[in-house]
Amino acid sequence: MVNVEVAAPKVVVVVCLLRGNRVLLGRRRSSLGDSKFSLPGGHLEFGESFEECATREMKEETGLDIDNLEFLTLTNNLFIDETKPHHYVVICMRAVLADHHQQPQNIEPDFCDGWGWYEWDNLPKPLFSPLEKAVRAGFNPFPI
Ligand code: 8DG
Ligand code: MG
C-alpha cells in the first residue's frame with residue numbers, strides 16, 4: 001500500500017534523439033523495466049529547465065552533445081503494482097546530435113547494457129512499458 005502522505009510524483013525528462021529515421025534507445029538495467037529498451041533521460045534537478053536536464057542526462061548517460069531541443073509531449077506514468085510503487089511525470093523532448101559523427105558511449109554500464117540506433121518503424125522488443133504504450137497510441141517523435 002502506498003503511503004500518499006509521504007509518496008510524491010517525480011519529474012523526469014527523456015529524449016528522443018533522432019538520426020535519419022532512427023532513434024537512440026538503451027536496454028535498461030534497473031529494478032524498474034529491467035532489460036527493456038527505453039529512451040535516455042533522468043530526474044529533473046532543482047532549478048533546471050527541461051532543455052538543461054535533457055542535455056545533462058544525455059551527456060551523463062551517453063557522452064553525446066545534443067542540439068535543437070524541442071518539447072514533444074508529456075505523460076503521466078504510474079507503476080503502482082511494483083514492489084516499490086513509482087509515479088513519474090515524464091517530459092519528452094526531441095533533439096538531434098550536435099556533431100553528427102559522435103558515437104554514443106555506455107557511460108553508466110550498471111544502468112544500461114548499451115545504446116543503439118533503431119528505426120522507428122522497426123523498434124526493438126521489449127520496449128519499456130510507458131514507451132510501448134505511447135507507441136501503441138500513435139506517438140511519433142519525427143517532424144512531419
Ligand atoms: P538520475 O538519478 O540520473 O536523475 O535518473 P536515472 O538513474 O537516469 O533514472 P531513469 O531510471 O533513467 O529514469 C527515471 C525514471 O523515469 C525511470 O525509473 C522510470 C521513468 N521513465 C519513464 N519512461 C522513461 C523512459 O522512456 N526513459 C527513462 N530513462 N526513464 C523513464 O516513465
Ligand atoms: Mg536514466
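Residues: numbered from 1 along the sequence shown. Every number for a ligand or one of its atoms is a count from 1 in the order of the listing. Atoms considered below: every heavy atom in the structure, side chains included; atoms not considered: hydrogens, waters and symmetry mates.
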Location of contacts on K10 toward ligand 1, heavy atoms closer than 4.0 Å: neither
Sub-4.0 Å heavy-atom approach of L32 to ligand 1: yes
Closest to atom 30 (N) of ligand 1 among R28, H86, E61, H43 (heavy-atom distance): R28
Sub-3.5 Å N/O-N/O distance, G41 and ligand 1: yes
Within-cutoff protein neighbour (heavy atom, under 4.0 Å) for atom 1 (P) of ligand 1: yes
Ligand 1 atoms in contact with E57 (distance to a heavy atom under 4.0 Å): 1 (P), 3 (O), 4 (O), 8 (O)
Numbered atoms of ligand 1 (with element) below 4.0 Å of V90, judged on heavy atoms: 22 (C), 32 (O)
Numbering as shown, the atoms of ligand 1 that approach P130 to under 4.0 Å (heavy-atom distance): 22 (C), 23 (N), 32 (O)
Atom 13 (O) of ligand 1 [closest protein heavy-atom partner, distance rounded to 0.1 Å]: G42 CA, 4.0 Å
Structural part of F128 in contact with ligand 1, heavy atom criterion under 4.0 angstrom: side chain
Enumerated ligand 1 atoms positioned under 4.0 Å from heavy atoms of F79: 32 (O)
salt_bridge(D110, R29) N-O dist < 4.0 Å: no
Pi-cation contact, W117 with R22 (under 6.0 Å, within 45°): no
Ion pair E52/R56, N-O distance below 4.0 Å: no
Residue E57, metal the Mg ion (ligand 2), N/O/S under 2.8 Å: no
Distance filter under 4.0 Å to V12 heavy atoms, resulting ligand 1 atoms: 14 (C), 15 (C), 16 (O)
Which atom of F142 lies closest to which atom of G20, heavy atoms considered: CE2-O, 3.1 Å
Short N/O/S contact of G42 with the Mg ion (ligand 2) (below 2.8 Å): no
Atoms of ligand 1 close to N77 [distance to a heavy atom under 4.0 angstrom, numbered from 1]: 22 (C), 23 (N), 32 (O)
